[in-house]
2 protein chains.
Amino acid sequence: MRGDSRLSRMLHVLLHMARHNTPFTSEQIAKMLGTNPVVVRRTMAGLREAGFVSSERGRGGGWSFVSDPTTITLLDVHRSVGATDVIALGSGDSDPACGVERVVNHALAEATGEAEAILLRRLGEVTLAELSTQLDAICKAEGWDDQHAPHQG
Amino acid sequence: MRGDSRLSRMLHVLLHMARHNTPFTSEQIAKMLGTNPVVVRRTMAGLREAGFVSSERGRGGGWSFVSDPTTITLLDVHRSVGATDVIALGSGDSDPACGVERVVNHALAEATGEAEAILLRRLGEVTLAELSTQLDAICKAEGWDDQHAPHQG
DNA sequence: AGATTCGTAACTTACGATGTTACGATATTC
DNA sequence: GAATATCGTAACATCGTAAGTTACGAATCT
């Protein structure tokens with residue numbers, strides 16, 4: 001897999017957490033995502049700042065979902081993990097004297113701007129609650145219990 | 001500037017070349033782009049394979065535009081430079097057993113897929129000839145001759 | 001006090017685009 | 001045919017970002 005996996009990972013975690021009452025430790029989440037507890041804390045710090053989760057230290061501590069899944073969109077999560085530019089097509093100088101560069105920059109900005117706008121709009125249209133509903137359908141169709149579904153990734 | 005600048009740079013070069021008859025050396029192009037002749041050759045090799053330009057070795061050699069600007073779209077150039085995924089939002093495992101991951105992957109693929117489709121469509125709708133026409137307008141409005149316009153970038 | 005768990009700094013690794021050096025191949029000029 | 005100009009390409013270095021790792025301090029519970 002290439003690029004930034006933070007959004008994907010955090011959605012994964014949030015979906016699980018929104019369906020359980022007990023806190024998850026960074027260790028557990030790291031196993032769930034196939035990564036390291038420090039990476040989990042680092043990434044989830046953004047979710048905490050956004051108010052989506054809380055963390056408690058010490059024995060019995062861990063991460064808890066403390067918000068309303070119907071109000072959190074994928075865009076909210078995307079922003080909370082501190083993602084930068086999603087579209088990697090750079091234009092050159094931002095204030096070019098060269099007319100050629102100005103024409104090129106403008107054409108590229110048109111295309112990438114619209115694509116990025118669409119992406120953010122789509123992310124903003126989907127809530128965690130909607131994903132959870134989709135998950136219900138899968139669990140039911142395959143006779144799964146979310147708690148015991150396999151977790152290779 | 002962040003990300004991949006190859007498309008931007010190659011459009012810059014192609015626009016210049018399409019308006020002149022003499023070949024450009026890698027050295028000249030490198031100065032134009034603020035980079036290195038080797039980078040120019042490396043990137044323009046893709047344009048040559050696509051049939052948009054040709055290169056000649058030895059004294060008096062260099063790069064020449066050998067195609068029709070009305071038939072080359074920005075998408076053609078984008079593809080010829082060997083660009084990979086433009087949208088950097090990765091999903092996790094491509095064939096996950098975990099239902100949560102399947103739901104997340106699907107939601108992200110929907111959003112990024114549509115954004116990428118829009119981007120490619122837009123790039124495919126603009127030809128080099130159209131950019132050249134826009135450039136004519138700028139040159140005329142500002143009393144420029146393309147040959148002598150400044151080239152800081 | 002001891003165990004658990006998060007917070008965070010510091011360092012390393014991985015990867016792709018870019019930059020640089022070096023040298024060989026080819027074409028022109030004299 | 002020697003000198004020069006120019007591309008072709010390999011090899012290596014640099015840079016930015018996400019990710020992985022180690023280490024240790026802070027907080028909380030038993």
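Only a predicted model underlies this, so the values are computations on that prediction, with no experimental measurement involved. Numbered from 1 within each chain, the chains take letters A, B, ... in sequence-line order.
Between A:S26 and C:dC6 there is a side-chain N or O to OP1 or OP2 distance below 4.0 Å. Proximity of A:S55 to the phosphate of C:dG7: a side-chain N or O atom is located under 4.0 Å from OP1 or OP2.
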Listed pairs, N/O of protein and of nucleotides 1-4 of chain C, under 3.5 Å:
residue : atom : partner : partner atom : Å
C:dT4   : O2   : A:R59   : N            : 3.2

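The CG-P distance, from B:D4 to D:dG16, rounds to 16 Å in whole Å. Atom-to-atom, CG of B:D85 to C1' of C:dC15 comes out at 14 Å; the value is rounded to the nearest Å. Look at CG on B:L33: it is 17 Å from P on C:dA17, rounded to the nearest Å. Remark: P of C:dT5 and CD of A:Q28 are 8 Å apart, rounded to the nearest angstrom. Atom CZ of B:R9 and atom P of C:dA17 are 13 Å apart (whole Å). Spacing between atom CD of A:E56 and atom P of D:dT30 amounts to 13 Å, rounded to whole angstrom units. Between the P atom of D:dA5 and the CD atom of B:E27 lies a distance of 11 Å, rounded to the nearest Å.
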Take B:W63 and B:S26, measure what side-chain hydrogen bond (donor to acceptor under 3.5 Å, both in side chains) needs, and give me the verdict at the end.
CA-CA 7 Å; B:W63 299 86; B:S26 303; 2.9 Å; yes
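Residues forming a salt bridge (charged side-chain N to carboxylate O under 4.0 Å, His left out) with A:R102 (at least two apart in sequence, or on another chain): B:E142. Partners of A:S132 according to the side chain to side chain donor-acceptor pair (under 3.5 Å) rule, which considers only residues two or more places apart in sequence or in another chain, are A:R19.
Put simply, the side chain of A:H106 does not reach to within 4.5 Å of the side chain of A:V103, judged on heavy atoms. Looking only at side-chain heavy atoms (C-beta outward), A:V53 and A:S64 stay at 4.5 Å or farther from each other.
Remark: A:V38, A:R41, A:R42 in residues 35-45 of chain A come within less than 4.0 Å of DNA chain C through at least one heavy atom.
A salt bridge (charged side-chain N to carboxylate O under 4.0 Å, His left out) check over residues 54-79 of chain B, counting only residues at least two apart or in different chains, returns nothing. Applying the ring-ring contact (aromatic ring centres under 6.0 Å, His included) test to pairs two or more places apart or on separate chains, those with a residue in residues 24-49 of chain A are A:H20-A:F24.
With D:dA18, D:dG8, C:dT8 as the candidates, the nucleotide lying closest to the side chain of B:R48 is D:dG8.
Ion pairing of B:R122 with A:E110 is absent here, as no side-chain N (NZ or NE/NH1/NH2) approaches a carboxylate O to less than 4.0 Å.
Under the 3.5 Å distance criterion, the side-chain polar atoms of B:E130 are matched with a main-chain donor or acceptor of B:T127.
Comparing B:A83 and A:W63 against DNA chain C, the residue whose closest nucleotide sits nearer the 5' end is A:W63.
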